[in-house]
Every structure is written in C-alpha cells, then in structure tokens.
Amino acid sequence: MSTEDRPPAPRSLAEALRARGDASLGALLRSRPDLITPVPTDLTQLATRAGTRASVVRALERLDRFALQTAEALAVAADPAAYGELLGLMAGDDADPAVVAALPHALDLLREQALVWGDDDRLRLVRTARELLAPSPQHPSPTGLGPTVQEATAGMSPGRIQEIVTAAGLASTHDSVSAVTALAGLFTDRVRMAALLAEAPADSLDVLERLVWGPPYGQVTADPAPRLRWLLDRGLLLPTAPGTVVLPREVALHLRRGLAHRTPEPVPPAVETAAVHRPQVVDSAAAGQAYTALATVEELLKDWDEGGPAVLRAGGLSVRDLKRTAVALDVPEPVAAFWVELAYAAGLIASDGEADERYAATPAYDEWLELPAAERWSRLVTAWLAATRTAGLVGGRDAKDRTLSALGPGLDRSAAPEVRHRVLALLAGLPEGAAPAAGSVLARLRWERPLRGDRREDDLRGRLAEWALSEAEHLGATGRGALSAQGRALLGAPAAPAPGPEAEPSGPGDKLPVHHHHRPAPLTALSPAEQAVASAAAARLLAPLLPEPLDHVLLQADLTAVAPGPLQRPLADMLGVLADVESKGGATVYRFTPGSVRRALDAGRAASDLHAFLAAHSRTPVPQPLAYLIDDVARRHGHLRVGAASAYVRCDDDAVLSEILADKRGAGLGLRRLAPTVLAAQADPAGLLEGLRAMGFAPAAESAEGDVLITRALAHRTPPRTAPEPVPDGPPVPDDTLLAAALRAIRAGDLASTTPRKPGAAPAANGELPRTGAAETLATMQAAVLTGEALWIGYVNAEGAASQRVIAPIRVEGGFVTAYDHTADEVRTYPLHRITGVAELADDAD
C-alpha cells in the first residue's frame, strides 16, 4: 500500500477504536466487561472508560507475564515508540528468536485490550498504564530501570551539566538542552559507550554491575569515594537527592545489551510430570476417594441431624466446634473445614434461624440422599468448582486481624472458581494417568497471571492452586494426583493426548521425571447449561466404578456387626440408630451397646422389630449375647417415666425410686419424693433423662397424657435454604445478545456524536443538544420528509434522560414524527414536544 493510500494514523484511542470492526470491538468488551457496565453512549466515552485507573489495573492483572513485560517495556520506551525500539527492549542486541516470534502476538493482545494503540511506527501505551508501570522513586519499575538522562538532570544546574559533558569527552554546548541530548546520544551509542567504559576503573564497573538490574538507586556520602567520583563526573551516575544517586536508563540498557528485563519469558513454563500411572489405576483411586467423600459428608450431616453446633454471634463455627467435628470425622481440622464448607456450598447445611441459632441439615439434604451415589458426587464437585468460599483460609486472619472461622464471613475469594478450573484444565492437558509436579503448576499459573500471583495478598493465587490440587484429590476429581476420566468429563474436556514412549510406566504407579512441553488449548469456563451436561457425563463415568450397596451385614458374637461395603440406604439408616460406628475403612464395624439399643427403642422400635430386622439382614445367625442385650434393655426401657412438672420421675416400683434417691450421682438433679411412685426434680426433662441414663437406668419420656414420647431420627431440619451465591469476580462476561445490542448502541451513539452539522446550526451549551424553537423544528422535519435528508436531533425521553440521535424523517403528523433512527437501527415514532432541537447534517456527511 502506498503512503497516499494508507489510512491516516489514529490521533487518540477513541479514533483507534472507531477504526475497529465489530469483531474486534466485541473481543475488547468480552475481555473487559467492566467497559459496558453501563453501556457507554459512544466510542469516545468507551475510550475514556478504558483509560480509567480501575479499569486499566484490572486489565493489567489479567495479562500473562510476557504481555505484561511488553507493556512494561513500552512504559520505559519513547512515547510514541516504533516497533523496532520495542523489539530491541524485549529481544536485546542478540535478538532472542523466541522473543522475536512471540512479540507480535503479545502486542496484538495489548491492542485488543485497548492498552496500546497506534500503528507499528507510533505505538502508544495508554496514559494510565504508563503512569502505573513507568519508573518513579515512589514506584520502582518492574524492569528495574531508572529515569532517563533528561529526567534525572531536570533540576541540575547548567554549569554542572556542562562539567559532566566535558568530562565525558563531549564538546561543551551553549545550552543545557543540547548538552543533555548530547549526553543521552553518547549513552545510547554502543561504540562510543563501550570506549568510555573501557577507561573506567574496575571498581567503578563493579558499582555499575550492582545497580544495572535494579534497584537503580544508591547512597553516597558528601565526599564520594574515587570509584563513585569517576562515575559521577561523567554522568554514569546522576544525583537525584542529597546522598542519593541513580543509574540513568540509557546507561543501564547499554550494560544490559538493550534488554528491558533480565529474563524475558515469551513461552509459558511447561507443566512437568512427576509420576505416571495406568489410567485405570487413576480412575479406581479417584472413585475410592469419591466414595469416601460421600461417606464423609453423610457422616457430617448425620452428626448434625438433630441440631449441629451453635452459630457464633459474628457467624460461623467456633474453634472448639470445628475441633469436635474433626474428631468425629477422624480428619485434620483443615480437612474438616473443607467438608463443612463444601456441604454449605452445596446447600446441604445452613443456619436454622432460631433464637438459639444452630447449624443443621436443610431439606435439600434429604433430597440429595435419595439420589444415586454418582449423582450425589457430581452435585458436590459441581458446587465445589463454582464456589467462591475458600476453606483454606479458615484459621487465618482478616484485614482487621480477626480469626476467619468455618461457615463465617470473609471466606469468599472471587478468583477461587477460575483458579480451580484452570488447575484442572492444566491437568487435562497432560496425557492420561500423568500426575503433575505441583511446583510446575504453580509456576504456570504465576506466568499466566503474574500481577495477581506475585503482588496480591501474599500470593493468594498460588495458595488457591495448592488448595485446588488437594481438594480435587479429596473429592475424587483426581486420583494419585492425575486427572481422572470423570474429572476430565466434568470440565467438558476432550480426550487426553496419548503419552509418548518416554512416559510409559514400567508398572502401576511408577514415577518418571517426564517433562511435557506441549501447550494444551485452554479450556474455557462452561455455561450453567453446559456444566449440567458435563456433570451428568462425569456421573455416568463414575457410576460403574463405585461399589454396589449391600443389603446385609455380618453379626459377630462380640456384639459387633461388620458391613463389608456400602450399605443400602434403609439398612444403613436403621443400623446407624441401633448401633455405634466403631471403625471405618474398607469395611465398617458397628458395635451394639445398651445405649444404642435404647436409642432404637426411643425411636419407636419394639424389641420384636429389632430381632426381625437383624435376622433379615445378617448373613450369620443372630448371636445369643446380642439377642439377650436387646431383650434386657427392652425389659427395662420405660420402667421409669419422665415428664414435665419442672420434671418428674414416675415408677410403679417405689424401691427403684428409693435407689435413685440414695444414689449420690443424682444429687445435682434436685430430686425429692412427692408420692411413693413419683419423684420431682429441679432439672428439666431432657437433663433429667440424661442424668438417669448416666446412672445406668433406661427412662422413657412421656407426654402430658402419660404416653411414651417417641424420639424420631432426622427430626431437625432448617427451613428451605438456597446455597450461598458465589461472589462474582467483577462484571459478568456479556453474552452474544447483550454484546450485539451494546455494539449497536455504541456505534449509533458514535454516529450521532460525530456526524458533521451544517455551519449555523445552533447547538446547546457545551455542544450536547441542539436547541431550536417548536416552529423551526416542525418546518425542518417537514422539509426533511420531502428531501429524504437525515437530521441530528436532541431528545428527552419520559424519564427525563437526554440523548442525541441521527434520524431520517418519514412522516410528520398529529404531533409525532416517524423516522428511521440510525442510533437504534430501527423505525421509531417520537413526540415532537420531546425534541429539544434539530440540526441539518453537512452535505458531505456519510
């Protein structure tokens, strides 16, 4: 293309955006959704919003390391900079081929993000980004470079500048500007600069070597040492404040061989393989973990069925209750916090909202229990993927130095879902059965988001990634560190690449130091509908790997029952009431005790029911000791009756009541005899029941009518609750419909604001809306109908919002004008009394 045919270079970011097509603008709005919240009126407003500090900071945070390095290099380059200068800063004098190949893509990314605009010969970093990334004494540049010679000598006396120029071997000049230019020219001339440094003492070069990669500032005394004096005399170090000197940018770049960064990183670090397993081994191990996850959540909720721990005044679980839960689940406290938070995120537990507020299972828990095991797992893992609540923070401190508690406030981190998804996506890029080295995963994530990873909240992104790897293993999305087939399906990921010959293990679980340098295509987050389909697919893959529930147990003579696998729901529920879990693992051992049998009797079961239940579900005969235990507890059950007076004990055998009164363990109950068969107590009925049971009796609660009260299992549920909503990480990405509407509105508004008007048209104050009288407005409209010309109007809608539009009037009648509205791209009718004014467009307007 000839120079005459080349379109004029944009003079502003708004002009650069105006020259973009809809696809390019759409890509910008997708990557920076804050720019259309709300939709800007035109491209000038869009450009202004794209240059605000908050929006620019957010855009910089989402750059990968090389794109960010490119922006940092532009911040220390001339403004504007040619592509050749930027390439020199990034690739250095040796022109690193990897940097040369990657730089165009990084520059295109910065342009797409509206952080850079202009042609290759006039590249401009948006002003706010330059202010954030350029070197200053208050905010050192990530490049480690200092100010230019011109900036460092801004406050220096003309005489001192001339002395430096002369000492550097340059001719003196008549003014400081030309002297500074000559000195900068010397420092940027590779040949002359090499000759100057060849004369430097060795210890002076050592000083430069210590400052060259930053920080560029150093301290000097009032009487500098000879090695420093030599550098100061020639301007290789320049004073910035009393006792402080700086290495000029041009000098540092010469010493660095032109590089703005010590280590440019054009290629993302590879995710390394730490171990390789057979895919079947991985899937089986993950399925085992998935089964354990289901059992753990069920055990947690069963423990809270009749009302769980109290809610702290500030919200959340107390440290004591978390420890108690960890002991009950037989896991460390951080793992217990994870299970509690997972059940909360899945909507299975919540606060009951009572005056004495406690945590309990929700009605959704009962629905969840009725689902097949694989679907229950997919519900849990899908909730985990989307949750912003971060269990790993439990036990830490918030900004006000308050302890963060499980289920309490302050645990939401909006980056958590994106990090979890990205970690699993990186695992999906490895061959099947390959487990990554955790350090390489963290290194990759830090490359992809360096600002967020390196400078915010003590590497929050790295900690989120570590927690994601651990939690995925707990849930069974991974097995032995490798992504399982069901985990891959959960992401909607394609089949994994086949391992190369070097990755083949010699046996199950062999560990090989294999490195995979391919870069898998990134997996994007799924929409809710897509995630539902992916979760269903993951459940289908997991279902055949889970053990089938059993309908029997093995009763032992030592009052135990062994469940050799998972039990069917009715059997598990009843056995959980009739016996206590003694040990868990591949087989669960239940122990029958007087207390557990009494618990079943309290739930309304008769002794005959318990005998029939055990006989029907045991593969071994019911042992005689167990039958005797049931009969003995049943014989004594209900012999004592406890009701509400404050509380009373009733028994037909006055000798038993006399025994209770004589027992010192009952002193705290405040018992006294009211009648031969009745004792009154100062304790409430619940406390009296517990006290008598602790003394070895088997009392039963009774109603005011004298009937035995049956204690039902699963009695306490919260009112219907919804799962906590994730905290969004900024505005949502617009869908195609919203994006198309926003682009149409911005284009139309830009047309209205940039269309030329005829000279003599009377604009309003500040040039916002035209102002004309009613008669002139009507006459202009009628004339435009006859000529077919377009007009520029000011319009105020029924809500009082003012706007400017370009319309082509079709007819005017009854106080309304019907016109094709270029702004809305449709035919509309406007009341004439709401039109503030009208102006004709210039004849050469498109």
Side-chain angles (χ1 to χ4, degrees), residues 296-366 368-369 383 387 389-398 400-412 576-577 580-581 595 599 602-603 644 646-647 668-669 682-691 693-694 701 709 711-725:
T296 303
V297 172
E298 287 183 41
E299 186 176 353
L300 168 68
L301 272 294
K302 190 178 296 182
D303 191 44
W304 291 10
D305 267 341
E306 299 179 10
V311 180
L312 293 174
R313 183 178 302 175
L317 284 181
S318 68
V319 174
R320 180 182 303 171
D321 285 328
L322 181 61
K323 288 181 178 178
R324 194 173 293 136
T325 301
V327 171
L329 298 179
D330 194 22
V331 295
E333 288 178 40
V335 179
F338 166 67
W339 293 121
V340 169
E341 283 290 341
L342 178 64
Y344 178 59
L348 305 182
I349 58 173
S351 164
D352 60 11
E354 302 291 339
D356 181 20
E357 200 171 13
R358 309 186 79 81
Y359 289 106
T362 65
Y365 171 60
D366 298 314
W368 180 76
L369 281 178
R389 292 188 62 83
T390 308
L393 296 170
V394 172
R397 296 280 178 173
D398 63 9
K400 296 182 179 179
D401 200 35
R402 296 173 299 197
T403 301
L404 295 169
S405 58
L407 301 180
L411 294 183
D412 283 291
V577 175
D580 298 324
V581 175
R599 187 170 63 229
D602 284 345
S646 194
L669 300 176
Q682 296 178 358
D684 59 37
L688 184 53
L689 280 168
E690 291 300 320
R693 286 167 182 166
L709 291 175
T711 304
R712 297 286 184 189
L714 312 178
H716 190 64
R717 288 289 181 268
T718 71
R721 303 285 195 219
T722 57
E725 288 291 330

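Across all their heavy atoms, Ala391 and Phe338 have their closest contact at CB-CA, 3.6 Å. Among all heavy-atom pairs drawn from Ala406 and Leu411, the shortest one is CA-CD1, 4.3 Å. When every heavy atom of Asp303 is checked against every heavy atom of Ala328, the shortest pair comes out as OD2-CB, 4.3 Å. The minimum heavy-atom distance between Leu404 and Pro409, with the atom names listed, is CD2-O, 3.8 Å. Of all non-hydrogen atoms in Ala360 and Thr718, the two that sit nearest each other are O-CG2, 3.6 Å. Residues Arg402 and Asp398 approach most closely at N-OD1, 2.7 Å, considering heavy atoms.
Counting only residues at least two apart or on different chains, no side-chain hydrogen bond (donor to acceptor under 3.5 Å, both in side chains) pair has a member in residues 327-338.
Considering only residues two or more places apart in sequence or on other chains, Asp412 meets the side-chain hydrogen bond (donor to acceptor under 3.5 Å, both in side chains) condition with Thr388.
A salt bridge does not link Arg599 with Asp602: none of the charged nitrogens is closer than 4.0 Å to a carboxylate oxygen.
Atom NZ of Lys302 and atom CG of Leu300 lie 11.5 Å apart (nearest 0.5 Å). Here the CG atom belonging to Leu301 is positioned 7.0 Å from the CH2 atom belonging to Trp368, to the nearest 0.5 angstrom.
No side-chain N or O of Thr362 forms a donor-acceptor pair with one of Arg717 less than 3.5 Å apart.
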Mind listing the side-chain donor-acceptor pairs of residues 341-353 below 3.5 Å, one per line with the distance, residues two or more places apart or on another chain?
residue, atom, partner, partner atom, Å
Glu341, OE1, Arg389, NE, 2.7
Glu341, OE2, Arg389, NH2, 2.9
Glu341, OE2, Leu407, N, 2.6
Ser351, OG, Gly353, N, 3.3
Ser351, OG, Glu357, OE2, 2.4
Asp352, OD1, Glu354, N, 3.1
Asp352, OD1, Arg358, N, 3.1
Asp352, OD2, His716, NE2, 3.2

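By the 4.5 Å heavy-atom criterion applied to side chains, Trp304 and Thr325 are counted as neighbours.
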